[in-house]
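Reviewing the structure listed below.
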Amino acid sequence: QVQLVESGGGLVQPGGSLRLSCAASRSIFSFYRMAWYRQAPGKQRELVALTVSGGTTNYADSVKGRFTISTDSAKNTVHLQMNSLKPEDTAVYYCNVARVGTDYWGQGTQVTVSS
């Protein structure tokens with residue numbers, strides 16, 4: 001089994017930045033896909049950013065140019081750098097990683113963007 005521990009969320013002002021981290025209990029090379037999702041109250045969970053084993057990344061249109069997903073293989077960690085944050089980015093952010101036939105979710109970390 002894989003455990004994912006997310007951290008880095010918090011309260012930030014509009015225009016500010018946060019860096020989320022997702023520490024995995026095994027090598028990130030075990031996963032062919034790593035992603036961040038978010039869910040605001042009353043709204044559907046949405047894919048924010050993803051990266052695959054070859055290094056390709058993709059982003060939701062709403063965060064393109066502002067968010068960056070990256071990996072640190074030495075620390076088995078996936079990061080989401082969030083810049084130019086907007087109130088609309090307020091949500092619980094979840095890390096998700098996938099192996100063949102199975103995916104895993106973190107517990108979520110709250111991001112609140114407010115003045």
Side-chain angles (χ1 to χ4, degrees):
Q1 60 187 26
V2 175
Q3 294 182 341
L4 304 175
V5 179
E6 296 150 323
S7 61
L11 175 65
V12 65
Q13 293 183 338
S17 298
L18 285 173
R19 183 176 173 87
L20 305 184
S21 298
C22 172
S25 61
R26 63 186 296 172
S27 173
I28 62 172
F29 294 122
S30 301
F31 315 118
Y32 69 84
R33 180 183 185 270
M34 294 154 281
W36 288 92
Y37 291 75
R38 68 186 181 188
Q39 187 169 23
K43 293 191 175 183
Q44 186 176 357
R45 184 175 297 186
E46 65 174 341
L47 177 65
V48 176
L50 68 85
T51 184
V52 296
S53 59
T56 301
T57 59
N58 210 343
Y59 300 91
D61 288 342
S62 60
V63 306
K64 283 182 179 178
R66 300 189 296 121
F67 290 12
T68 304
I69 187 170
S70 62
T71 60
D72 183 343
S73 59
K75 296 183 178 180
N76 297 335
T77 301
V78 184
H79 299 286
L80 184 67
Q81 178 67 44
M82 305 186 295
N83 298 327
S84 302
L85 284 161
K86 304 175 181 179
E88 303 94 285
D89 296 318
T90 296
V92 177
Y93 284 71
Y94 297 91
C95 181
N96 173 265
V97 302
R99 300 191 296 169
V100 175
T102 305
D103 63 351
Y104 305 90
W105 292 90
Q107 82 285 356
T109 185
Q110 177 71 47
V111 172
T112 302
V113 184
S114 176
S115 61

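Note that the numbering runs from 1 along the sequence shown for the chain.
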Once salt bridge (charged side-chain N to carboxylate O under 4.0 Å, His left out) is applied, do any residues pair with R66, and if so which ones, sequence neighbours excluded?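 In terms of salt bridge (charged side-chain N to carboxylate O under 4.0 Å, His left out), with neighbours along the sequence ignored, R66 is linked to D89.
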Identify the heavy atoms of [X] and [Y] that sit nearest to each other, and give their distance.
X: A40; Y: A91; result: N-CB, 3.9 Å
X: L4; Y: C95; result: CD1-O, 3.9 Å
X: L18; Y: V111; result: CD1-CG1, 3.8 Å
X: S17; Y: S84; result: OG-N, 4.3 Å
X: G106; Y: E6; result: C-OE1, 3.3 Å

Can you name the residues that form a side chain to side chain contact (heavy atoms under 4.5 Å, CB included) with S27, not counting sequence neighbours?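 Here the qualifying residues are F29, S30, N76.
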Residues in side chain to side chain contact (heavy atoms under 4.5 Å, CB included) contact with S7, at least two apart in sequence or another chain: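 If we apply the side chain to side chain contact (heavy atoms under 4.5 Å, CB included) test to S7, skipping adjacent residues, the hits are S21.
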Suppose we screen for side-chain hydrogen bond (donor to acceptor under 3.5 Å, both in side chains). Which residues come up paired with K43, at least two apart in sequence or across chains?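 Expected list: none.
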Please answer: with hydrophobic residues joined when any side-chain heavy atoms are less than 4.5 Å apart, are V78 and V2 in the same cluster?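 In one cluster with V78: V2, yes.
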Hydrophobic clusters here meaning ILVMFWY residues chained together by side-chain heavy-atom distances under 4.5 Å, can you tell me if W36 and V92 are in one?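 No; V92 is not reachable from W36 via cluster members.
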Residues D72 and T77: side-chain donor-acceptor under 3.5 angstrom: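 No donor-acceptor contact under 3.5 Å links the two side chains.
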Donor-acceptor pair, distance only, cut-off 3.5 Å: does the side chain of T109 make one with the backbone of G9?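 Pair found, side chain donor or acceptor close to backbone of G9.
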Main chain of T90, side chain of T112: is a donor-acceptor contact present, judged purely on distance under 3.5 Å?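 Between the backbone of T90 and the side chain of T112 there is no qualifying donor-acceptor contact (under 3.5 Å).
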Starting from the C-alpha separation in whole Å, work towards a yes-or-no answer on side-chain contact (heavy atoms from CB on, under 4.5 Å) for F67 and L85. CA-CA 9 Å; F67 290 12; L85 284 161; 3.8 Å; yes
Taking only residues at least two apart or on different chains, which pairs with a member in residues 76-115 satisfy ring-ring contact (aromatic ring centres under 6.0 Å, His included)?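 Of all non-adjacent pairs touching residues 76-115, those that pass ring-ring contact (aromatic ring centres under 6.0 Å, His included) are Y37-W105.
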Interatomic spacing from CE in M34 to OG in S53 - rounded to 0.5 Å: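 If we round to the nearest 0.5 Å, M34:CE and S53:OG are 7.0 Å apart.
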By the rule that ILVMFWY residues connect when side-chain heavy atoms come within less than 4.5 angstrom, directly or transitively, which residues belong alongside L11?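 Noted: L11 shares its cluster with no other residue.
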